[in-house]
Amino acid sequence: MKLMKKLMMMAMMLVASAAAFAGDSPALKEILKQKSYADAEALVQSSLSQLASDAEKAKAYNKLVDLAYEAFMAQSTIITENQLNKQMGKEEKPVDEQLMSEMAYKAIIAAADCDKYDQLPNEKGKVAPKFAAKNAQRLWSNVRNQLVNAGQEALQAKDNAKARMYWQLFTESDKFPLFKDCDREAQKPFFGQVARYAAIFAYQDKDFAKALELADIAMQDPEEYENAINLKMEILGADLKTRDDSLSYINKLKELYAEHKTNGIMEKLYNMLGAIGEKAAADKILDDALAADPNNFVALADKGMNLLNDDPAEASKYLRRAFEIKNDNALLATYLATSLSMQAQNTEDSAAKKALYKEAIGFFDKAKELDPERLQANWGYNRYNAYYNYYGEDAPETKQAEADYKY
């Protein structure tokens, strides 16, 4: 009886040992035999369900990484050899940049799939990844950076879809668990810009959800923050058709403004409230901004321009303060001069009228100096009108102002 139990225990140990050291499944063996990426990829796609375990699936995807990486490195090696050949005056070999970029893309996609299975618990319930460290080390720099070059090449070829494909993967792969320990210092100068361009292309494709994700990533770069947040506002406001759409957009802007107190959001919110007739709410946006910062240039300028028709005297106070902050702004100089001219028209006292026109002429002349071609500010007719009222119709100064206006 004891002998029988002993034999049974030995048999169970042999079965367990055989299971532990079982070879690859036939489906995996077939995948691992492949020499080309295309053939291996086709087999992985068609036989993934036949693989015996998560470990086998990780191994299958790692085979794709190997093949893509080898194809990438073959072209990269030619580039290095060509650099030496050029120095030595030897003939350079052709490089397949398109293949190089395609393989870089596929290697990173396959590595992410490999890591998904590689990080799952094994038969003992433990997470013991076999491929993560190697794949992160070999793909993070040269291979992943090729996506940036590939996007640039696609952009020059006016292939925005392909540029988006490469730049979106470059951006999103930054958060792949596979690359969590990689050094990001080298990508800092361009990472945010690539993310923003990827967001622009997603927006152009009307993939608004993805565009917002990418814009949020770009916003994390201080150099891209302002451009990215302006892009986010544009994405949020895309395809407005009804008043309800506008109200929904305004609520999103309010949420965004509460988190990011930028002048761009403030001005957009102010304009949207004004557009739907919420004048009091719009004014409050500017008043609150000026209460927080009395020298807020954007709020001062918007407040002044908003008051121009109803109260030019009050408008000139805000416009003057704004111009003191930015005295190189031709449009602001024009608006300030116009507010002074409008006050002069409404003034009965001749001396006061004369003084206001004289001051207006000074700011119109400044606008002309800053923007002689009237590319930003159309100061021409209003300037002539101020000269006409100050100097008279036949004065040489007025004639010159008329010539400037008609030029």
Side-chain angles (χ1 to χ4, degrees), residues 19-25 27-45 47-77 100-150 165-188 191 194-195 198 213-214 217 220:
F21 295 100
D24 297 332
S25 67
L28 180 60
K29 286 180 180 178
E30 193 63 27
I31 290 169
L32 297 180
K33 289 192 316 186
Q34 301 308 309
K35 301 298 183 184
S36 79
Y37 182 92
D39 292 340
E41 182 183 39
L43 277 175
V44 170
Q45 291 175 351
S47 59
L48 189 64
S49 61
Q50 300 172 34
L51 299 179
S53 64
D54 293 328
E56 283 207 342
K57 292 173 183 177
K59 198 170 183 179
Y61 277 111
N62 192 65
K63 176 64 177 180
L64 296 185
V65 180
D66 287 342
L67 291 171
Y69 181 73
E70 288 167 9
F72 172 88
M73 288 305 298
Q75 299 302 314
S76 181
T77 300
M100 191 174 179
S101 298
E102 182 182 345
M103 289 299 103
Y105 184 90
K106 289 181 178 295
I108 292 174
I109 292 292
D113 287 328
C114 171
D115 196 55
K116 177 176 66 177
Y117 293 108
D118 201 23
Q119 297 292 341
L120 294 175
N122 58 24
E123 65 277 356
K124 296 181 180 179
K126 294 183 178 179
V127 176
K130 296 180 179 179
F131 308 109
K134 180 181 178 181
N135 284 341
Q137 187 274 328
R138 63 179 171 169
L139 299 182
W140 174 252
S141 295
N142 291 344
V143 175
R144 184 167 166 273
N145 285 344
Q146 179 62 26
L147 300 178
V148 179
N149 299 332
M165 181 185 80
Y166 286 125
W167 284 348
Q168 182 171 317
L169 181 60
F170 176 81
T171 302
E172 294 180 330
S173 62
D174 180 69
K175 294 298 183 184
F176 284 2
L178 173 68
F179 297 131
K180 65 182 185 299
D181 296 324
C182 294
D183 185 359
R184 283 156 174 76
E185 192 63 31
Q187 73 175 19
K188 281 185 178 180
F191 179 77
V194 172
E213 287 179 22
L214 295 166
I217 294 172
Q220 296 171 23

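Under a 4.0 Å N-O distance rule, the pair Asp118/Lys57 does not qualify as a salt bridge. With respect to the salt-bridge test (charged N to carboxylate O, under 4.0 angstrom), the residues Arg184 and Asp174 qualify.
For the residue pair Ala132 and Gln119, the shortest heavy atom distance occurs at CB-NE2, 3.8 Å. Heavy-atom minimum distance, Ala195 versus Thr171: CA-OG1, 3.4 Å. Of all non-hydrogen atoms in Ala111 and Val65, the two that sit nearest each other are N-CG2, 3.4 Å.
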Does the side chain to side chain contact (heavy atoms under 4.5 Å, CB included) test come out yes or no for Tyr105 and Leu147, once each step is laid out?
CA-CA 7 Å; Tyr105 184 90; Leu147 300 178; 4.1 Å; yes
Assess whether side chain to side chain contact (heavy atoms under 4.5 Å, CB included) is satisfied between Ser76 and Met100, documenting all intermediate values.
CA-CA 8 Å; Ser76 181; Met100 191 174 179; 3.8 Å; yes
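Using cut-offs of 30° and 60° for the angle between ring planes, the Phe179 and Trp140 rings count as tilted.
Looking only at distances, no side-chain donor or acceptor of Asp24 sits under 3.5 Å from a matching main-chain atom of Leu28. The backbone N or O of Phe176 sits nowhere less than 3.5 Å from a side-chain atom of Ser173 that would complete a donor-acceptor pair.
Looking at heavy atoms from C-beta onward, Leu139 lies out of side-chain contact with Lys134 at the 4.5 angstrom threshold. The side-chain heavy atoms of Lys59 and Phe131, taken from C-beta on, include a pair separated by under 4.5 Å.
Put simply, CG on Asp54 and CD on Glu123 are 10.5 Å apart, with the number rounded to the nearest 0.5 Å. Considering CG of Leu43 and CD of Glu30, their distance stands at 6.0 Å, rounded to 0.5 Å.
In this structure, a donor-acceptor pair under 3.5 Å is absent between the side chains of Asp115 and Asn135. In this structure, a donor-acceptor pair under 3.5 Å is present between the side chains of Glu56 and Ser25.
Judged by the 6.0 Å and 45° rule, Arg144 forms a cation-pi pair with Phe170.
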